[in-house]
Structures are given as structure tokens and as C-alpha cells.
Amino acid sequence: MKIVIVGGVAGGMSAATRLRRMDEQAEIVVLERDDYVSFANCGLPYHLGGEITRREALVLQTPKSLRDQFGIDVRTGNEVVAVHPGTHEVVVRERDSGREYTESYDRLILSTGAAAIRPPLPGIDHPRIRSLRNIPDMDGIAALLGDAQSAVVVGGGYIGLEMVEALRHRGIAVTLVEAADQIMTVLDREMTVPLLAELDRNDVRVLLSTTAKGFADDDGRVVVDLGDERLTTDLVILAVGVRPESSLAVAAGLAVSDRGAVIVDEHMRTSDPDIFAVGDSVQVTDTVTGNPVVVPLAGPANRQGRIAADAISGRPSSYTSTQGTGIVRVFGLTAAMTGATEAALTRAGRPFQKVYVHPNDHAGYFPGAVSIHLKVLFDPQDGRLLGAQAVGADGVDKRIDVLAVALRAGMTIEDLEHLELAYAPPFGSAKDAVNMAGFVGGNLLRGDVALWYAEQWPDLPSDAVVLDVRNADERNRWAIPDSTWIPLPELRDRLGELPPGAPIYAYCRSGFRSYLAQRILAQSGWPEAATLAGGELTFQAVLPAVAADRELASA
């Protein structure tokens, strides 16, 4: 059998090497239009920032190493310009000679990836406006860094934030421009508040709800038109997203979505039974909502390449769904997520409940403990996990990985209570952050706790009492407006100061003391008592305008 693979990197090369392991006799040809067929594209920003010092470390395999180790015919600088399903041929153009030739196939795998979006704005072709998708892009940006003192990054997603950090590591002043009213739209807005504070601490200017209208030249520098403001800078990084590179599939008559993504089945087979597609160009199913989505991540692309190879080799292997597990470092903080966000569930009309917890990353009595801000979403009927997000200085990655596995396994919020996770004082707590989310969510499902949420505060009933159970120092620093203050240790003795039977909305810093207050009140004649989910830490992230202290709001 002869298999031709169009494109390398994550999807194409995982398919090629898996095919060889499954079939020593197969003829495998990889056609790659660029010079690099296997490279660590996720490492590109870290080389630009100086953390990965050796450029060669990013090149994982070469045509020679792939030929020597796997017997694969890899041809770089060979671009497939047409696919002819009827004759089982592709048309290839050699970059250096311009010669065109045809290559036959028994099975074809399209791993054409995604292209960086470059909006049709005036001046977009300025030589100092760059995107980052591959090694030549990286080299082009690196060549401009030597004399750069300032930069504008357009787009606050993964690549945008990684490039902000890389540029600041090089001592370059950075302005981040984001069209949405938050950075990292794969997170819910309140979870991005600590990230904004971290950007501010590292002298990054952030402009939200702001778009670039166009660009102009100023003696070799770039003028960025933001409507109300014009910035003159040495370098612009465009990181506004990607689009599926599916022109070959469209021209070949393969089925594509309205977003241009190639439609495949669970075996990565397209509408043509002899053509497969993998990676950033394909449409997949969202694990939680079941909706069709396009998720350009390296992990799913690698697995898809493997599954396509299995299907071609006659092995029963299926790609079920993508849950969007991701992680990003923003200077001293890490943000990670898996599954659906609250915003996505709301758009999909999917009922959910949510809990916030802010436990330490490891035992509080061991030096260096810091908070993890964790949000978990679950089904209100059966408790099935729907999504999770976390932000913190340490320990975020392992908590999201645990939750990603739990979500994929169909576990419930109550199952989290019973997980037995590794514990020693430097690494965690006897009640891990994941367990804590399970305790709160399980209590909510079973009716052992009633929660109220920050977004409800402006519309609380007129007879409601907002009860602050924190200590005096906390009260003096900041309080929810018009709240009643009774410290938790005094609550049992001062219940007579509260209106009989009135709805009581208790709060503290993180939610634990107000939970204790809610339990006291619920059993003492206040059946409508509730505790603020996530405490003041979440309140001030959801309603920053209410905060009297901006530093506290970003804690």
C-alpha cells in the first residue's frame, strides 16, 4: 500500500511514524511545502524569549532521520497544489525548480494545519508586522528583535500571551491589544483577573475591548491605529487566531463545515473513503456539549494522526471528541482549563452548577504555599463534570490534569470527594484542591449548603441581609457595600441581631467561614441562609467595579 501524507508536524508525522510501526512494507511519502517537517511549534515563543537557547532543539526530526529510522520518504519544499480523488493522484510543485509532477496514492492523509489570520487592514503588509506559526516565522521575528525597544501584541490568547512574556524577557516594552473585554477567552472572565494583575506587575499595558483599525509606516517603524489612540512601535505581533487550511480539501470536493474545517468521521476519514484528514484543519466533536468545533491543539492533532494510521492499517481505533484541555504560563502564574466554560454552557443552553475554591497548592504550614483559584462546573442533576479552570502560581497543571481525566471518564463532582491523590507537605494537602471542589459541589448537590453568587448581588431581595463574618482587619480593608458585620466566632451569641427568618447572604474571604455561618443559620431559624461561592476573592473578580481596593480585587 502507498500512503501519501500532505504536511508534517504533529498530525502528519505521528501518522507517518505510526503507519511504519504498523506496516513495514507500506510505501510512505510525506510532502511538506516548508523546510521543516517535524518541529516543536509550541516551543517557538520560548526560543524568542531566550529560555530555549538552542534553535536546533526545536527541530525534532529531519528528512534524513526519518528516512534512517523509519524508512519514510520525506520531501520538503514540495507543495501539493491539487488533489484528484478520481485518479488517486496529487499534483506537487517543487519550490526550488518550479517543476510540477503527479504522485499516486492508495490512501491520502491531509495534515495541512491552520493558517494565522491576517485581517485585511490598511498597512497589514508592513515588514515589521509578523505572525508566529513555524520556524521561518520565528526566524523572521528574531531578526527584528535586536533593535526593538517596543512591541504591540494584537490578541490575548495562548500565542499572544506567550509572546508578551517572551518580549518582556528580552526587555522590550509591550502593549497587549485585545478586541474582547477579557484576555484568554477560553477561560471565564473572572478567572482572567489574576492574569491581568500579573501582566500589570510585569509592566505590560493591556487594552481590552480595543481593535487595530490599520497600520502605517513611520520611518521604518509601525504606527498602530487603535481608533482613539495611535501607537508607534518597533514590532507588531499578530495573534488574533487561526483558520483551517482546507483549500486543497475544498478544491477536491471534500465535505467541509461552514467554518471551512474538513469534516471527518471517528476514524478521521473524510467524505472520500480513501482520504483522511487530521490536525488543526478538521472539525471535531466537543466532549461536553456534543457540538461540532475546531480546536487547534497539538495533543489532539497527535492522537488524530495515530488514529488515521490505525484505520488505514485495519486496526479498530476511534477519535471520540476534544475537550479542549490547555495551559498557559503568564510570568509567575499559570492558567489551565478543561471541558466547557460557563460562557460556553450558557450559549449552548446547557444547565450547570458551579463552585469556586481557593485552597493552597500544598500544605499551608509548609513554606511557600500559595492559593490556587479553582472553578468547577457540573450537571445539576447527576453531578457529571462539565468543565474546570484554575489559576495559580504552582500546582495548577496537576489539578487540571486530574480533572481532565475525571471529565473524560464521566466522573461526577461527588466522585472528586473520594479521589486518593498524592500527599506530602511540599506537594499537596491531605484534602487536595480537587477534593475540596468535590466537597463543596457534593454538599451543593445534596442540599447541605446553599450558595449565592457575586453576579446576584445587585439583584438581591430588598429584605436580604449581606452578612460579613470576617475579622476586623479584613473588614477595615474592604467590605461589600451595606453589609452587616458579625465575626464568625461571635455569630452564635449575636443571632438576635439578625431579622428573624430573613434571607441571609453570608460571605468571607474564600468561602469556608461563611459556609460554617450558613450551617449555623440554616439550623437556627434562617432557612434561606446562603454562603458566597468563592468568597470575596471571587466576588471582586466578578464585580471589580465594586472593589474599593484594586490590589485586593486582583489578589
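- Between A529 and L521, the closest heavy-atom pair is CB-CB, 3.6 Å.
- When the ring pair (Phe, Tyr, Trp, His ring centres under 6.0 Å) test is applied to H47, no partner is found at least two apart in sequence or on another chain.
- Salt bridge K375/D188: present, at least one basic N to carboxylate O contact under 4.0 Å.
- Ionic pairing of R446 and D448 is present here: one or more N-O contacts between side-chain nitrogen and carboxylate oxygen are shorter than 4.0 angstrom.
- One distance of note links CD1 of I480 with OH of Y507; it measures 4.5 Å at 0.5 Å rounding.
- Summarising the geometry of T334 relative to V396, their closest heavy-atom pair is O-CG2, 3.8 Å, with the distance given to 0.1 Å.
- Every residue meeting the ring pair (Phe, Tyr, Trp, His ring centres under 6.0 Å) condition with W452, not counting sequence neighbours, appears here in chain and number order: Y505.
- The closest side-chain donor-acceptor pair between T285 and S321, if any, does not fall under 3.5 angstrom.
- Looking at S514, its side chain does come within 3.5 Å of a backbone N or O of G511 through a donor-acceptor pair.
- Between T211 and E178 there is no side-chain heavy-atom pair separated by less than 4.5 Å.
- Classified by interplanar angle (parallel below 30°, tilted 30° to 60°, perpendicular above 60°), the ring pair F512/Y515 is tilted.
- The two residues P296 and D280 have their closest heavy-atom pair at CA-OD1, 3.3 Å.
- Of the possible polar contacts, none joining the Q182 side chain to the L208 backbone as a donor-acceptor pair under 3.5 Å is found.
- The existence of a salt bridge linking R475 and E536 is excluded, since no basic side-chain nitrogen approaches an acidic carboxylate oxygen closer than 4.0 Å.
- Rounded to the nearest 0.5 angstrom, L226 CG and K213 NZ are separated by 8.5 Å.
- Between E51 and R329 there is a salt bridge, since at least one side-chain N of the basic residue sits less than 4.0 Å from a carboxylate O of the acidic one.
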Report task. Kindly determine whether V206 and D200 satisfy side-chain contact (heavy atoms from CB on, under 4.5 Å), including the steps that lead there. Result -> CA-CA 8 Å; V206 180; D200 183 65; over 6 Å; no
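- When only modelled atom types and interatomic distance are considered, T538 and H373 share no side-chain donor-acceptor pair under 3.5 Å.
- Taking the side chain as every heavy atom from C-beta outward, W478 and F539 approach each other to under 4.5 Å.
- Residues V177 and V152 have side chains in contact (heavy-atom distance under 4.5 Å, counting atoms from C-beta outward).
- Counting only distance, with no hydrogens or angles, the side chain of N435 and the backbone of D432 share a donor-acceptor pair below 3.5 Å.
- Closest non-hydrogen pair, D234 versus S150, comes out as OD2-N, 3.1 Å.
- In this structure, P487 and N471 have side chains that are not in contact, with every pair of non-hydrogen atoms separated by 4.5 Å or more.
- Between A433 and L374, the shortest heavy-atom distance links the atoms O-CD2, 3.7 Å.
- For the pair P503 and D463, the minimum side-chain heavy-atom distance is below 4.5 Å.
- Classified by interplanar angle (parallel below 30°, tilted 30° to 60°, perpendicular above 60°), the ring pair F331/H169 is perpendicular.
- A salt bridge does not link R189 to E342: none of the charged side-chain nitrogens sits closer than 4.0 Å to a carboxylate oxygen.
- Interatomic distance, CG of L403 versus CD of Q389, reported as 11.0 Å (0.5 Å rounding).
- Residue L235 holds its CG atom at 6.5 Å from OG1 of T233, rounded to the nearest 0.5 Å.
- For R259, the side chain to side chain contact (heavy atoms under 4.5 Å, CB included) test picks out S257, V294, with sequence neighbours left out.
- Contacts classified as side chain to side chain donor-acceptor pair (under 3.5 Å) and involving residues 490-504 (residues at least two apart or in different chains) are given here: E490-R494, R494-E497.
- Shown here are the side-chain hydrogen bond (donor to acceptor under 3.5 Å, both in side chains) partners of D361, two or more places apart in sequence or in another chain: there are none.
- Salt bridge absent: E165 and R168 never bring a charged side-chain N and a carboxylate O closer than 4.0 Å.
- For Y423, the ring pair (Phe, Tyr, Trp, His ring centres under 6.0 Å) criterion is met by no residue, not counting sequence neighbours.
- Distance check, rounded to the nearest 0.5 Å: CZ of R513 to CD of Q518 gives 16.0 Å.
- The distance from the CG atom of N476 to the CZ atom of R470 is 9.5 Å, given to the nearest 0.5 Å.
- Both the sub-6.0 Å distance and the 45° axial angle are not jointly satisfied by K354 relative to the ring of F378.
- Between L491 and L467 there is a side-chain heavy-atom pair separated by less than 4.5 Å.
- Under the side-chain contact (heavy atoms from CB on, under 4.5 Å) test applied with I183, the options V193, T192, V164, V330 reduce to a single match, T192.
- Within the 4.5 Å cutoff, the side chain of P45 has heavy atoms near those of the M163 side chain.
- For the pair E198 and G332, the tightest heavy-atom approach, listed with the atom from each and the gap, is OE2-N, 2.8 Å.
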